[in-house]
K.L.:
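Here's a structure for you.
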Amino acid sequence: MEIYVLRLGHRVGRDKRISTHVALTARALGAKGIYFDVYDDSVFDSVKDVVERWGGDFFIEKVEWRSFLKKFNGLKVHLTMYGLPLIEKIDEIRKADRILVVVGAEKVPPEVYEMCDSNISIGNQPHSEVAALAVFLDRVLGKTFDLKFKNAKIKVVPSERGKNVIEL
Ligand SMILES: C[S@@+](CC[C@H](N)C(=O)[O-])C[C@H]1O[C@@H](n2cnc3c(N)ncnc32)[C@H](O)[C@@H]1O
């Protein structure tokens, strides 16, 4: 299964940190890449720098979101607190070969609810796109603890205390 993320509504400057965290979470939990509807060099550069040092082939790309979402070949899942609980739809979602997960920043354009195949909630309380994406990826893909990142220049050696990072 391949999962891609579409991040909508990034506000340049204001959302730099959270959008970077959305992208890094997508990468670290096994998504193939992330699409943004807005280009912000500080986010794109930070993410590319992580890929360069920590490995793997995760990509970050700018798209025109309406035509991209319309044409995406696969299951389109919008994460929203107003949607159906993930556990009710997870068996259906897991059958897909390709999934595009859509997460917002501020208010998502209403047509997104119509353009996506499913509107899915991670609980029905307001929280964060980072948390929603993390739970979705862990539940649907389930690779959080098994991923390997090819061509990494550095890696963590897990340890009980302290920080052990080695150069490869
Ligand atoms: C800070 S929220 C903004 C929500 C905004 N008030 C709205 O009505 O769309 C940013 C994003 O986090 C995600 N999100 C927040 N809470 C969620 C939940 N309980 N379930 C699924 N996604 C959630 C959604 O993708 C949302 O667009």
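Model, not experiment: these values are computed from the prediction. We use all heavy atoms of the structure for the numbers below, so side chains are in, but hydrogens, waters and symmetry mates are not.
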K.L.:
Please list, chain by chain and in numerical order, all residues satisfying side-chain hydrogen bond (donor to acceptor under 3.5 Å, both in side chains) with Asp138, sequence neighbours excluded.
P.N.:
Thr144
K.L.:
Please tabulate, for side-chain N and O atoms in residues 81-109, each donor-acceptor pair with protein atoms closer than 3.5 Å (sequence neighbours left out).
P.N.:
{"unit_1": "Arg94", "atom_1": "NE", "unit_2": "Arg139", "atom_2": "O", "d": "3.4"}
{"unit_1": "Arg94", "atom_1": "NH2", "unit_2": "Arg139", "atom_2": "O", "d": "2.8"}
{"unit_1": "Arg98", "atom_1": "NE", "unit_2": "Asn73", "atom_2": "O", "d": "2.7"}

K.L.:
Is the His10 ring parallel, tilted or perpendicular to the Phe36 ring (thresholds 30°, 60°)?
P.N.:
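Taking Phe36 first and then His10, their aromatic rings stand perpendicular (interplane angle over 60°).
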K.L.:
Only counting residues at least two apart or in another chain, list the ones meeting side chain to side chain contact (heavy atoms under 4.5 Å, CB included) with Leu168.
P.N.:
Ala152, Lys155, Ile166
K.L.:
Do Ser67 side-chain atoms and Glu64 backbone N/O form a donor-acceptor pair below 3.5 Å?
P.N.:
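Yes: the side chain of Ser67 pairs with the backbone of Glu64.
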K.L.:
Between His127 and Ile122 (side chain of the first, backbone of the second, donor and acceptor by atom type, cut-off under 3.5 Å), is there such a pair?
P.N.:
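Yes; judged by distance alone, with no hydrogens or angles, the pair exists.
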K.L.:
What distance separates Phe44 CZ from Glu61 CD, expressed to the nearest 0.5 Å?
P.N.:
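Here the rounded value is 8.5 Å.
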K.L.:
Donor-acceptor check, side chain of Lys76 to backbone of Leu69, threshold 3.5 angstrom: yes or no?
P.N.:
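Pair found, side chain donor or acceptor close to backbone of Leu69.
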K.L.:
Can a donor-acceptor pair be found, under 3.5 Å and without considering hydrogens, that links the side chain of Ser118 to the backbone of Ile120?
P.N.:
no
K.L.:
Distance from Arg53 atom CZ to Asn151 atom CG, nearest 0.5 Å?
P.N.:
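Spacing of CZ (Arg53) from CG (Asn151) equals 15.5 Å.
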K.L.:
Using the ring of each side chain (for Trp, its six-membered ring), is Phe59 parallel, tilted or perpendicular to Tyr4, with breaks at 30° and 60°?
P.N.:
tilted
K.L.:
Against Val43, only a single residue in Arg7, His21, Lys48, Lys16 fulfils side-chain contact (heavy atoms from CB on, under 4.5 Å); can you say which?
P.N.:
Lys16
